[in-house]
There are 2 protein chains.
Amino acid sequence: MLRNRVKELRARYSYTQSELGKRVDVTRQTIAFIEKGEFSPSITLALKLAQVLETKVDELFWLEGEEEDEK
Amino acid sequence: MLRNRVKELRARYSYTQSELGKRVDVTRQTIAFIEKGEFSPSITLALKLAQVLETKVDELFWLEGEEEDEK
DNA sequence: ACTAAATGTTAAGTATATATTACATTATGT
DNA sequence: ACATAATGTAATATATACTTAACATTTAGT
């Protein structure tokens, strides 16, 4: 399960979803999806987000709980 | 431009591409593509790789050079 | 030299990230 | 109360990550 702190850090900088999206070059819907945890962004986007939000990727995103694949 | 140290760290652990793939639950071709820098993996995969290779995502992957989108 | 394992690489398919458009709801400022 | 900005959310389309399968080349062990 992928978790993240994007919404929290975005609030800290008082960025709107649109503003943040513009800074990392994606649409506001993409930011919204990420904040809702609906998908796992590319690492390129994650790196840009960490850069803009002045943090480390490892502090912005992390894996939590168990994997559900029993493989 | 996305760069990474996967091949280097994989060598340090003497993992084969297949072994590493198995540990992070992708195929060896996916590992090969990443090592060649052919695409930008999901952050979920990047986190798993960092975990298995005992490093941080920010040390495994980084953005280099200028963005080519003039937008 | 032989064999098997590891890697390089390519093509075609599937899954999913991201864009675009659109509309509804909520917050903010006047 | 009104207008506008910000957010929630959903549908459809496109780009790209990732899989599967296959074959060729290189490497390591005997």
Side-chain angles (χ1 to χ4, degrees), chain A residues 1-53 55-71, chain B residues 1-53 55-71:
Chain A
M1 185 50 171
L2 182 67
R3 292 300 183 81
N4 75 81
R5 249 185 273 277
V6 172
K7 187 169 193 167
E8 173 189 342
L9 287 186
R10 178 171 64 81
R12 181 171 309 169
Y13 288 82
S14 303
Y15 288 150
T16 161
Q17 290 182 341
S18 296
E19 276 175 2
L20 180 55
K22 194 167 298 181
R23 283 172 198 263
V24 298
D25 208 43
V26 296
T27 62
R28 70 174 188 85
Q29 285 82 346
T30 295
I31 301 295
F33 276 135
I34 292 171
E35 291 186 351
K36 276 181 66 188
E38 300 230 343
F39 61 56
S40 174
S42 68
I43 206 207
T44 295
L45 178 49
L47 283 163
K48 288 183 186 173
L49 285 168
Q51 191 173 308
V52 169
L53 298 176
T55 186
K56 298 290 188 176
V57 170
D58 300 86
E59 280 156 18
L60 239 198
F61 294 91
W62 65 95
L63 293 171
E64 204 175 279
E66 308 315 313
E67 330 306 319
E68 63 286 346
D69 290 76
E70 66 284 343
K71 167 59 169 308
Chain B
M1 183 53 169
L2 182 67
R3 293 300 182 81
N4 75 80
R5 248 185 273 275
V6 172
K7 188 168 192 168
E8 173 189 343
L9 287 185
R10 179 171 64 79
R12 181 170 309 170
Y13 288 83
S14 305
Y15 288 150
T16 163
Q17 290 181 342
S18 295
E19 275 174 3
L20 180 56
K22 195 169 294 180
R23 283 173 198 263
V24 299
D25 209 44
V26 296
T27 64
R28 71 174 187 86
Q29 285 86 342
T30 295
I31 301 295
F33 275 133
I34 292 172
E35 291 186 352
K36 275 182 66 189
E38 300 230 344
F39 60 57
S40 174
S42 68
I43 206 205
T44 296
L45 178 49
L47 283 163
K48 288 183 186 174
L49 284 168
Q51 191 173 307
V52 168
L53 298 175
T55 186
K56 297 291 187 175
V57 171
D58 300 85
E59 281 157 15
L60 238 198
F61 294 91
W62 65 96
L63 292 171
E64 204 174 280
E66 310 314 312
E67 331 304 321
E68 64 286 346
D69 291 74
E70 65 284 346
K71 165 60 168 305

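Going from atom CD1 of I43(B) over to atom P of dA17(D) covers 15 Å, rounded to whole Å. Taking atom CD1 on I34(B) and atom C1' on dG8(C), their separation rounds to 16 Å, with Å as the unit. Whole-Å rounding puts the L2(A) CG to dT16(C) P distance at 14 Å. Put simply, OH on Y15(A) is 14 Å from P on dT7(D), counting in whole angstrom units. Distance, L20(B) CG to dC18(D) P: 13 Å, rounded to whole Å. In this structure, K22(B) atom NZ and dA6(C) atom C1' are separated by 13 Å, rounded to whole Å. In this structure, I31(B) places its CD1 atom 16 Å from C1' of dT20(D), rounding to the nearest Å.
Considering all non-hydrogen atoms of both residues, R10(A) and E35(A) come closest at NE-OE2, 2.6 Å. Closest heavy-atom contact between L2(A) and P41(A): CD2-CD, 4.3 Å.
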Any chance you could lay out the side chain to side chain contact (heavy atoms under 4.5 Å, CB included) test for V52(B) and Y13(B), step after step, and finish with the verdict?
CA-CA 10 Å; V52(B) 168; Y13(B) 288 83; over 6 Å; no
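Electrostatic pairing of R23(B) and E19(B) does not count as a salt bridge here, judged by no charged N lying under 4.0 Å from a carboxylate O.
Taking only side-chain nitrogens and oxygens, S40(A) never comes nearer than 4.0 Å to OP1 or OP2 of dT16(C). Using a 4.0 Å cut-off, no side-chain N or O of S18(A) falls inside it from OP1 or OP2 of dT7(D). Considering only side-chain N and O atoms, T16(B) lies under 4.0 angstrom from the phosphate OP1 or OP2 of dT7(C). Close to dC18(D), at under 4.0 Å from its OP1 or OP2, lies no side-chain N or O of K48(B). Between Q17(B) and dA5(C) there is no side-chain N or O to OP1 or OP2 distance below 4.0 Å. Side-chain nitrogen and oxygen atoms of K36(B) include at least one within less than 4.0 Å of the OP1 or OP2 phosphate oxygen of dT9(C).
Counting non-hydrogen atoms under 4.0 angstrom, T30(B) reaches a base of the nucleic acid.
Counting heavy atoms from C-beta on, the side chains of I43(A) and N4(B) never come closer than 4.5 Å. Put simply, the side chain of V57(A) does not reach to within 4.5 Å of the side chain of F61(B), judged on heavy atoms. Side-chain contact between V6(A) and L20(A) is present, with at least one heavy-atom pair separated by less than 4.5 Å.
Two residues, T27(A) and E19(B), neighbour DNA chain C, and the one matched to the more 5' nucleotide by heavy-atom proximity is E19(B).
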Could you encode protein contacts along nucleotides 23-30 of chain C as a string, one character per nucleotide from 5' to 3', using B for base contact, S for sugar-phosphate-only contact and - for no contact, with a heavy-atom cut-off of under 4.0 Å?
--------
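Under a 3.5 Å cut-off, the side chain of S42(A) and the backbone N or O of S40(B) do not form any donor-acceptor pair.
In the set dT9(D), dA17(C), dT19(D), dA17(C) carries the atom at the smallest distance from any side-chain atom of F39(A). Each of dT19(D), dT18(C), dT9(C) was ranked by its minimum atom distance to the side chain of F33(B); first place goes to dT19(D). Among dC18(D), dG8(C), dT18(C), the nucleotide with an atom closest to any side-chain atom of L45(A) is dT18(C).
No hydrogens or angles were tested; on distance alone, a donor-acceptor pair under 3.5 Å links the side chain of Q29(A) to the base of dT21(C).
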